[in-house]
Amino acid sequence: MPELPEVEITKRGIEPHIVGKRIRELLVRDRRLRWPIEKGLEKKLKASKVLSVARRAKYILVNCDSGCLIIHLGMSGSLRILSETQKPGKHDHFDLTFEDGSILRYRDPRRFGALLWTEDNPSLHPRIKNLGPEPLESKFDWRALRDRISGSESPIKLQIMKNEVVVGVGNIYANESLFRAGIHPHTIAKKVGTIRSKRLVAAIKETLASAIEAGGSSLRDFYQADGTKGYFQQNYFVYGQGGKSCRVCGHTIRSTTTSQRSTFFCSNCQKR
DNA sequence: CGCCAGGCCTGCACGC
DNA sequence: TGCGTGCAGGCCTGGC
């Protein structure tokens with residue numbers, strides 16, 4: 001499943017192949033994504049030019065001269081560049097084809113992803129305007145975190161997974177970041193003070209940055225933008241490691257549930 | 001074959 | 001009653 005590092009890798013992967021190109025057509029095979037692809041989008045995109053590609057949270061923004069495509073990969077989505085026509089698979093729901101013959105192909109077996117469109121500034125789009133800070137930007141610091149969680153009685157793990165607190169931290173990296181910060185996932189958020197807020201922010205940044213550097217670790221169904229398989233490193237400290245020995249201290253990694261999501265932690269390394 | 005994973009929006013339940 | 005907050009439900013399908 002693409003988390004922020006995978007989305008960033010995908011964005012970097014497609015960017016050089018589509019910026020500056022003119023769109024031949026949008027070919028939609030199945031409109032039924034998380035929100036149906038709006039009717040008539042094909043017409044709006046015809047002969048548009050791609051100006052730039054950006055990322056906000058887990059959304060990929062394809063800026064065109066006629067408006068902005070907003071792409072979300074959901075849990076099983078991927079984008080890749082094809083240099084020539086290839087027979088589409090069962091879950092290849094749309095293609096964006098270019099005048100030079102190349103194709104940006106979207107695949108998403110579970111259809112939790114989305115293709116949205118705005119002719120406004122994309123930062124004003126309803127899906128984007130209420131998002132919290134980007135984890136890798138300097139604006140996301142311990143004060144920003146503390147200001148958003150200081151009143152909360154809910155577990156810190158839930159807070160860092162909330163998009164209003166910080167974007168791009170899904171279940172895998174929430175578990176990993178809390179391990180790196182030495183904080184038990186069920187710690188009540190408002191009990192995380194200054195020192196631990198600093199540690200947690202640093203841990204989130206390190207965890208995400210190193211995953212991006214590694215080329216995007218992920219679950220099975222992630223393909224890199226060029227179509228080769230992702231690295232599938234899965235050398236996580238705690239995520240998916242229930243019952244195994246902690247790589248740092250040797251204690252057994254515990255697994256539990258937090259609001260219906262799987263949670264992993266080392267009870268020796270992580271304190272409440 | 002039944003269940004689970006995952007992101008994230010929506011709607012409900014709860015407490016002041 | 002109203003509001004903020006927390007949390008469960010639902011979407012979907014491949015893989016165990």
Side-chain angles (χ1 to χ4, degrees), chain A residues 1-11 29-38 55-61 70-79 88-94 106-116 118 125-135 147-177 185-192 204 207-208 211 216-223 229-230 232 234 236 238-243 255-264:
Chain A
M1 172 282 330
E3 295 216 31
L4 185 136
E6 288 79 12
V7 177
E8 177 63 23
I9 297 293
T10 299
K11 179 254 175 188
R29 298 187 194 83
D30 193 341
R31 312 195 89 85
R32 298 171 305 158
L33 299 183
R34 191 179 209 294
W35 297 278
I37 299 174
E38 70 172 71
R55 178 187 61 74
R56 174 71 173 108
K58 292 177 183 169
Y59 296 93
I60 293 173
L61 309 176
I70 302 172
I71 302 171
H72 198 289
L73 302 177
M75 300 204 294
S76 57
S78 59
L79 284 168
K90 183 180 173 187
H91 304 294
D92 291 336
H93 303 314
F94 70 81
Y106 179 90
R107 173 179 178 272
D108 186 3
R110 294 178 197 178
R111 292 192 280 111
F112 276 27
L115 177 65
L116 302 168
T118 180
H125 189 276
R127 297 276 72 81
I128 294 184
K129 66 180 182 192
N130 295 324
L131 294 172
E134 284 289 327
D147 288 352
R148 288 173 170 80
I149 67 170
S150 59
S152 173
E153 305 266 5
S154 75
I156 186 65
K157 176 168 182 257
L158 287 186
Q159 291 300 312
I160 61 173
M161 290 178 70
K162 282 173 69 172
N163 276 332
E164 310 94 81
V165 174
V166 57
V167 300
V169 180
N171 196 37
I172 295 172
Y173 295 113
N175 279 296
E176 292 294 297
S177 298
H186 290 169
T187 306
I188 298 304
K190 69 177 187 185
K191 293 194 170 175
V192 177
I204 289 170
T207 305
L208 293 174
S217 53
S218 86
L219 301 185
R220 298 165 213 83
D221 48 8
F222 178 67
Y223 288 75
K229 290 244 176 191
F232 306 148
Q234 308 220 23
Y236 300 124
V238 288
Y239 182 80
Q241 308 300 307
S255 66
T256 178
T257 296
T258 314
S259 284
Q260 305 172 297
R261 314 310 287 272
S262 54
T263 294
F264 302 90

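Here is how names work: the chains are called A, B, and so on, in the same order as the sequence lines, proteins then strands, and each is numbered from 1.
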Among all residues two or more places apart in sequence or in another chain, which pass the ring-ring contact (aromatic ring centres under 6.0 Å, His included) test with A:H72? A:Y59
Let me know the distance between CH2 of A:W35 and P of C:dG10, rounded to the nearest Å. 18 Å
Between protein and nucleotides 4-9 of chain C, map the contacts as a letter string: B base, S sugar-phosphate only, - none, heavy atoms under 4.0 Å, written 5' to 3'. --SSBB
Report which part of the nucleic acid A:D108 touches: base, sugar-phosphate, or nothing (heavy-atom distance under 4.0 Å, all strands). nothing
Working to the nearest 0.5 Å, report the span between CG of A:D108 and CG of A:D30. 10.0 Å
For A:K129 and B:dC9, what is the distance between atoms NZ and P respectively, to the nearest whole Å? 13 Å
In whole Å, I'd like the distance from the CZ atom of A:R107 to the C1' atom of C:dT13. 11 Å
A:R56 CZ to B:dG7 C1', in whole Å, measures 16 Å
Using a 3.5 Å distance criterion without hydrogens, assess whether the side chain of A:R148 forms a donor-acceptor pair with backbone atoms of A:G132. no
Between P on B:dG7 and CZ on A:R110, what's the gap in Å once rounded to a whole number? 11 Å
For C:dT13, take OP1 and OP2 only and decide whether either is under 4.0 Å from a side-chain N or O of A:K90. no
A:F112 has an atom CZ; how far is it from atom P of C:dC12, in whole Å? 7 Å
Report the distance from atom CZ of A:R111 to atom P of B:dA5, rounded to the nearest whole Å. 21 Å
Atom CD1 of A:I70 and atom C1' of B:dG7 are separated, to the nearest Å, by 17 Å
Between A:N175 and A:N171 (side chain of the first, backbone of the second, donor and acceptor by atom type, cut-off under 3.5 Å), is there such a pair? yes
Point-to-point distance, once rounded to the nearest 0.5 Å, from CG of A:N163 to CD1 of A:I128: 11.0 Å
Return the CD1 to CD1 distance between A:I70 and A:I60, rounded to the nearest 0.5 Å. 12.0 Å
If you measure only the distance, is there a donor-acceptor pair under 3.5 Å linking the side chains of A:T207 and A:E176? no
Classify A:R261 by what it touches in the nucleic acid, base, sugar-phosphate, or nothing, heavy-atom distance under 4.0 Å. base
Please confirm whether any donor atom in the side chain of A:R34 sits under 3.5 Å from an acceptor in the base of B:dC8, or the reverse. yes
Looking at A:H91, I'd like to know whether one of its side-chain N or O atoms comes within less than 4.0 Å of OP1 or OP2 on C:dT13. no
